[in-house]
Amino acid sequence: MTTENRPFRSVLYIPGDKQRALEKAQTLDCDAIIFDLEDAVGIDSKAVARDTLAAMLASADCGRRATMVRVNGQGSDWYEADLAAICATGPEAILLPKVDHAADVVALAAVLDSHENCAHTRIWAMMESPLGILNAAEIAAAPRMAGMVVGSNDLLKDLGATQTPDRLALQTSLAMCLLAARANGLICIDGVYNAFKDAEGLRVECEQGQVLGFDGKSLIHPAQLEVCNAVFSPSPEAIDLARRQIAAFEEAEASGKGIAVLDGRIVENLHIVTARKVLAKAAVISGVAD
Ligand code: COA
Ligand code: MG
């Protein structure tokens, strides 16, 4: 599966030092995994996590799931050792935390260029600082970039903002990430929902992210997978509408018209582009479920 047609509905953080959680990587129903060496791992466990994860990556098969490793930040005590250990395993992707400028990505890309195992390795950026958000467009256009992940906890902290159920304080940042990602053909993943036992609150936040245009949401606990996968899959209603739009448009075209009318609304060529995307996504997801 290429990055282009892969689903990224559910993107689960798995702490690099939790052996039990790492073992689950091969069975959980998530579309992508972030193996974390950064914030999910305490300072005393950094070296153990790095070694445990590198050993696991060298042998594990995560099947259809996309994988990336979140290393510690550039300038931290662990960045270089993390990169050396993880690059040796030929990772699919590196998730770089606290990206402020495109130059941060360029520097990581240069390291990957020098590694024979990393010719294919893509870069994802954590979008979690005010400077990073303001520079989102240049970051998204940097070399090897495949996607962006919003770090909403760090953003709220740095903005001095208050968390509310409607995420009012984050709306500008979320939109700027999406604009930058879409302008450069990248995947864009929403931030985490901290209250991992609150399925209803999670659903509301997933729905908001889906409406805004995110491909999926980052998650912290397996209990969040089901709700998230459901919200970010095309609904039966959306699939039915897409099919009917395509049929109506083809019928209109056959009689020489460029616009169809369905359920009292116009259907133009651009709606057909979206309708075909919905059906293609549904087909990929139903393949995943088989
Ligand atoms: N990925 C994979 N498996 C996980 C998991 C995760 N993120 N979180 C929990 N599990 C597993 C546990 O290993 C446990 O498995 P088991 O029953 O087979 O032993 C099962 O799910 C139930 O875990 P539970 O007891 O409910 O959770 P916990 O109290 O041990 O941990 C958290 C709760 C939030 C601390 C833990 O989920 C976690 O560390 N999440 C990731 C946090 C993170 O990555 N933060 C950084 C990004 S914001
Ligand atoms: Mg962070």
With a 3.5 Å distance limit and no angle check, can you tell me whether E138 reaches the backbone of A102 through a side-chain donor-acceptor pair? yes

Give a yes or no on whether the backbone of E268 and the side-chain of H271 come within a donor-acceptor separation of less than 3.5 Å. yes

Is the shortest side-chain N to carboxylate O distance from D190 to R167 below 4.0 Å? yes

Closest heavy-atom pair, Q171 versus L212, reported as atoms and distance to 0.1 Å, is OE1-CD1, 3.7 Å

Is D31 salt-bridged to R64, going by a charged N under 4.0 Å from an acidic O? yes

Counting only N and O atoms by type, is there a donor-acceptor contact under 3.5 Å from the side chain of R144 to the main-chain atoms of L108? no

Step by step, work out the side chain to side chain contact (heavy atoms under 4.5 Å, CB included) result for I189 and W124. CA-CA 10 Å; I189 304 297; W124 288 62; 3.8 Å; yes

Note: R244-D263 ion pair, threshold 4.0 Å (strictly below): yes

Here the gap from Q210 atom CD to S233 atom OG, rounded to the nearest 0.5 Å, amounts to 9.5 Å

Between the main-chain N or O of L37 and the side-chain N or O of D82, is there a donor-acceptor pair closer than 3.5 Å? no

Indicate yes or no: at least one non-hydrogen side-chain atom of I139 is less than 4.5 angstrom from one of M127. yes

Residues sharing W78's hydrophobic cluster, by side-chain heavy-atom contacts under 4.5 Å among ILVMFWY, directly or via others? I43

Does the N135 side chain pair with the main chain of H101, one donor and one acceptor, at a distance under 3.5 Å? no

Verify whether one side chain among D158 and S129 offers a donor that lies under 3.5 Å from an acceptor in the other. no

D215 with R182: basic N within carboxylate O range, under 4.0 Å: yes

